[in-house]
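Remarks on the structure that follows.
For reference, positions follow the sequence shown, starting with 1. Counting starts at 1 for both ligands and their atoms, in listed order. Just so we're clear, the structure is a prediction, and the values are computed from it rather than from any experiment.
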Amino acid sequence: MTRTIRPARRVSGSLRLPGDKSISHRYAMLAAIAEGTTRIRNYSSGADCASTLGALEALGVAVERRPGEVVIEGRGLHGLREPARILDAGNSGSTIRMLAGILAGQPFRSVIAGDESLSRRPMDRVIRPLEQMGATVRARDGRYPPLEIVGGNLRPIEYELPVASAQVKTCVLFAGLYAEGVTTVIEPVRTRDHTEIALREFGAEVRVEGRRISVRGRARLAGRDLRAPGDLSSAAFFLAAALLVPGSELVIEDVGLNPTRAALLDFLVSQGAAIRILRLEQAAGEPVGDVLVRHSQLSGGVIEGALTAALIDEIPVLAVLGAASREGLVVRDAAELRVKESDRIATMAENLRRMGIEIAEAPDGFRVPGNQRFRAAELDSFGDHRIAMASAVAALAADGETRIHGAEAAGVSLPEFFDLLDQVTSEVGAGD
Ligand code: S3P
């Protein structure tokens with residue numbers, strides 16, 4: 001599908017977003033192995049989280065999809081059924097990596113596969129710890145999906161993550177639920193902690209001491225009534241749109257503000273962004289609030305080290321803001337971007353160049369000078385949801401109509417993206 005984006009006169013109004021993708025995956029997986037019923041309101045509408053539900057159903061879990069919520073009948077830690085078919089993770093790295101931890105705890109064989117993009121993404125990062133715990137995992141070329149997992153009888157481990165990855169941390173902690181004793185993950189830098197929070201909410205014993213996170217195995221999890229906060233990583237595109245387009249003022253309501261994700265807001269504020277938190281409360285251990293954003297001239301800056309891990313999903317749209325900033329943006333330590341849904345350094349650089357933006361790629365990042373103007377162009381999503389949405393944001397500031405091919409990729413995390421963007425943008429020439 002091709003979408004045409006016209007330059008925006010301003011971005012305004014208020015917006016609520018479907019539930020956080022990271023949190024939705026975790027709630028659904030824990031609900032499946034809990035005892036009793038879990039109701040998840042505002043479950044993510046993205047295809048990725050639908051892949052998780054489909055895989056859970058194939059494991060014998062009853063899932064009811066109602067408008068605005070999902071109800072899951074938990075089967076208990078040991079109640080999953082051997083699947084009769086290959087589990088389909090679709091485009092979702094979270095589904096395959098996190099569910100692998102649960103599959104490793106099952107005394108049966110399962111195979112989990114995904115689409116073309118997922119089939120190119122590295123899985124050795126989960127295979128290694130799961131094998132140390134006693135599972136047998138086979139992969140294409142030892143490293144890529146499909147994964148064939150034969151589990152059961154896991155032993156607890158202490159595992160130092162070689163890459164900063166919340167998906168891998170989650171995989172090991174989920175597997176740890178099936179091991180007798182305490183399983184510990186040590187992170188190189190802090191990553192999103194939704195798993196730690198959700199595990200506690202479902203009744204598991206979790207200890208966090210600095211970068212060491214432990215879970216006690218053989219926990220009894222109990223079904224719960226939960227609500228996923230709006231997705232801050234989806235909100236990032238609308239925040240960026242409002243920051244970019246002069247005269248904009250936008251409120252995003254009911255969005256997740258977990259500090260391990262809200263580094264985005266701190267980073268933008270440090271560059272001069274007019275962002276205010278209007279309301280803040282806690283829901284099931286997760287901070288949630290309303291955010292006001294106004295158009296701002298950003299200074300630009302550097303993203304490196306621990307900040308890179310904290311902003312990893314937002315870097316494509318931050319590249320757009322960087323080109324419009326005073327001093328530009330430098331991104332380092334971001335080699336992980338090359339193994340996301342697309343090689344995001346290459347695909348973002350390609351789209352920006354098509355728009356006349358100068359950008360220099362490095363193996364682990366890029367440098368985009370500031371004070372640049374976006375030219376209307378023919379762009380591609382490269383099958384990557386965040387590239388589709390980041391490109392649409394750039395198009396709002398272009399000098400004419402931009403077309404984005406493969407725009408349906410946005411549906412992986414936010415199928416409503418283009419409708420919501422229409423809702424909050426007024427076009428140049430549309431009159432006051
Ligand atoms: C996620 C962790 C990150 C992130 C992804 C979601 C999660 O991936 O990029 O979109 O929900 O745990 P990595 O664990 O590969 O860093």
* May I ask you to test the Y159-K169 pair for a side-chain heavy-atom distance under 4.5 Å? => no
* Asked: Who passes side-chain contact (heavy atoms from CB on, under 4.5 Å) against R66, sequence neighbours left out?
  -> E64, E69, V71
* Between the side chains of D380 and N351, does any donor sit under 3.5 Å from an acceptor? -> no
* Asked: Is E408 salt-bridged to R3, going by a charged N under 4.0 Å from an acidic O?
  -> no
* **Inter- and intrachain pairs under side-chain hydrogen bond (donor to acceptor under 3.5 Å, both in side chains), touching residues 141-154, at least two apart** => R109-E148, D124-R143, R138-E148
Under 3.5 Å, side-chain donor or acceptor atoms of residues 98-105 against the rest of the protein: list the pairs with distances, not counting sequence neighbours.
none

* Structure fact -> Residue shell for ligand 1, any heavy atom closer than 4.0 Å, reads S22, R26, S94, R97, A164, S165, A166, Q167, R192, I312, D313, K340, R386
